[in-house]
Amino acid sequence: MLRGKKILLGVCGSIAAYKSALLIRLLVKSGADVKVVMTSAAHDFISPLTLSTLSKNPTFSSFTNGENGEWNNHVDLGLWADLILIAPLSANTLAKLSNGICDNLLSVIYLSARCPVLLAPAMDLDMYKHPATVSNLEKVISFGNIILDAEHGELASGLIGQGRMAEPEHIIEFIESFITEKGPLRGKKVLVTAGPTFEAIDPVRFIGNHSSGKMGYALAEEAANLGASVVLVSGPSNQRIDHPMVKVEQVTSAWEMLEVCNTHYSKTDISIFAAAVADYRPEVMAEQKIKKSSETMVVELVKNPDIAAELGKIKTASQFNVGFALETENERQNATEKLKKKNFDMIVLNSLQDEGAGFSGDRNKVSIIDNNNIVMDFELKDKVEVAKDILQAILTRYEN
Ligand code: C5P
């Protein structure tokens with residue numbers, strides 16, 4: 001859900017700092033890249049080692065990095081983050097944020113950041129309802145910050161009331177829906193084809209290919225992270241996806257893939273054809289397992305339907321279709337011809353020329369060509385990052 005999202009977690013001095021450990025685990029589990037900034041008071045409640053280990057990143061506490069004399073650049077950290085979450089937020093740090101006081105790394109990052117800021121206060125009930133706290137909270141809300149209200153229950157003081165930091169599970173739920181709802185593809189329906197297709201020769205054998213499905217799955221997840229409601233039509237693949245906005249339709253053959261795509265296509269805004277569909281299938285599938293009786297064997301093949309081309313024929317003006325091309329010669333020219341032939345709005349050209357890029361691996365090197373013949377070249381990257389580039393390119397061209 002939060003795959004690829006960069007979250008900067010601020011931890012203040014509060015007994016609720018022990019919950020930050022669980023919070024980090026849940027953020028990381030959801031796919032986020034987490035960096036932690038602690039105030040000095042937070043050190044009394046939880047160790048930076050715990051937070052660094054769980055976040056898999058160094059934890060920052062001061063402006064400089066110990067003996068190395070390195071500077072923990074607050075501007076870079078602020079700009080790095082897609083979202084800042086301060087949990088627990090102490091009354092003291094709240095007072096600093098509301099007044100622009102920046103006497104520690106966290107409060108300076110807060111002032112430098114451009115991304116949304118979520119604040120999860122934690123304090124004793126009387127502190128929480130004190131007019132100074134109430135007015136500070138109102139002030140940071142007026143800056144556009146979002147408050148995750150403290151919850152009601154037993155407090156460290158033994159008193160019962162409102163002041164407990166929101167439970168980590170509630171914070172994660174909020175962040176996931178916040179990111180989705182703010183997404184530029186909110187309300188849009190996206191169809192993605194992924195993986196290979198298997199074309200049966202007999203009940204136990206098939207013609208297939210080495211497509212892993214990684215590219216298509218990463219595209220489906222990224223589209224969902226941007227707020228789209230996604231149907232992922234997948235051929236046989238070991239990839240898994242667990243995202244409430246992605247509905248997976250498992251298929252085996254090209255015909256099945258076409259049938260499933262057909263049922264969704266008229267309601268789809270954006271279609272991305274990332275599947276490596278088998279071009280041919282055996283003309284007949286033997287009903288029984290074929291015996292090895294002769295020295296040679298001929299399997300007659302017939303052409304499969306071209307799913308992207310078929311749907312391209314019925315594409316309306318408001319629909320946007322994206323295809324892939326894997327070429328070994330005259331790459332750009334062939335890709336551009338394919339774009340026209342299949343009525344794509346954009347085509348992603350996979351390079352086979354670069355080591356480490358391709359079909360079954362984790363990385364890809366692509367060029368994106370649009371129907372105005374504008375070409376964008378990208379570096380060799382992890383497929384999750386490539387998916388982000390492709391979705392960003394779609395967003396700049398898709399106008400509905
Ligand atoms: O013609 P070629 O296979 O190179 O075209 C690649 C593009 O067309 C990809 O986007 C692929 O998913 C799509 N395609 C398809 N159905 C086929 C063959 C290709 O949707 N039978």
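Both counts, for ligands and for their atoms, begin at 1 and track the order of listing. When a residue number appears, it is its place in the shown sequence, counting from 1.
A donor atom on one side chain and an acceptor atom on the other are found under 3.5 Å apart for Y217 and S234.
Aromatic ring pairs are classed by plane angle as parallel below 30°, tilted from 30° to 60° and perpendicular above 60°; the pair Y398 and F320 is perpendicular.
Residue P305 places a heavy atom under 4.0 Å from ligand 1. Ligand 1 has at least one atom lying under 4.0 Å from a heavy atom of D306.
Between K338 and ligand 1, an N or O atom pair is found at a separation short of 3.5 Å. At under 3.5 Å, not a single nitrogen or oxygen of V277, backbone or side chain, sits near a nitrogen or oxygen of ligand 1. In terms of polar-atom proximity, A276 is not counted as a contact of ligand 1, lacking any N or O under 3.5 Å from an N or O of the ligand. Polar contact check, V322 against ligand 1: no nitrogen or oxygen pair lies under 3.5 Å apart. Here's the thing with F344: none of its N/O atoms is less than 3.5 angstrom from an N/O atom of ligand 1.
Under 4.0 Å is where a charged nitrogen must lie from a carboxylate oxygen, and between E167 and K19 at least one such pair does. Using a 4.0 Å cut-off between a side-chain N of Lys or Arg and a carboxylate O of Asp or Glu, R397 and D345 do not qualify as a salt bridge. Using a cutoff of 4.0 Å between basic side-chain nitrogens and carboxylate oxygens, K338 and D306 are not scored as salt-bridged.
Atom 12 (O) of ligand 1 has as its closest protein heavy atom A275 O, 2.7 Å. The single protein non-hydrogen atom nearest to atom 5 (O) of ligand 1 is K342 NZ, 2.8 Å, given as residue, atom name and distance. Scanning the protein heavy atoms around atom 10 (O) of ligand 1, the nearest turns out to be F273 O, 2.6 Å. From the protein, the heavy atom lying nearest to atom 16 (N) of ligand 1 is I307 N, 3.0 Å. The shortest contact between atom 20 (O) of ligand 1 and any protein heavy atom is with A308 N, 2.9 Å. At the shortest separation from atom 7 (C) of ligand 1 among protein heavy atoms lies F324 O, 3.1 Å.
With N334 contributing its side chain and E329 its backbone, the two residues share a donor-acceptor pair below 3.5 Å.
Using a 4.0 Å cut-off to heavy atoms of G323, the atoms of ligand 1 that qualify are 10 (O).
How far CG of L159 is from CG of L125: 5.5 Å, rounded to the nearest 0.5 Å. Of the inter-residue distances, the one linking D82 atom CG with L79 atom CG reads 11.0 Å to the nearest 0.5 angstrom.
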* Asked: Would L226 and E222 count as a side-chain contact (heavy atoms from CB on, under 4.5 Å) if you check the C-alpha gap in whole Å, the side-chain angles of each, and the deciding distance to 0.1 Å?
  -> CA-CA 6 Å; L226 294 173; E222 179 59 13; 3.9 Å; yes

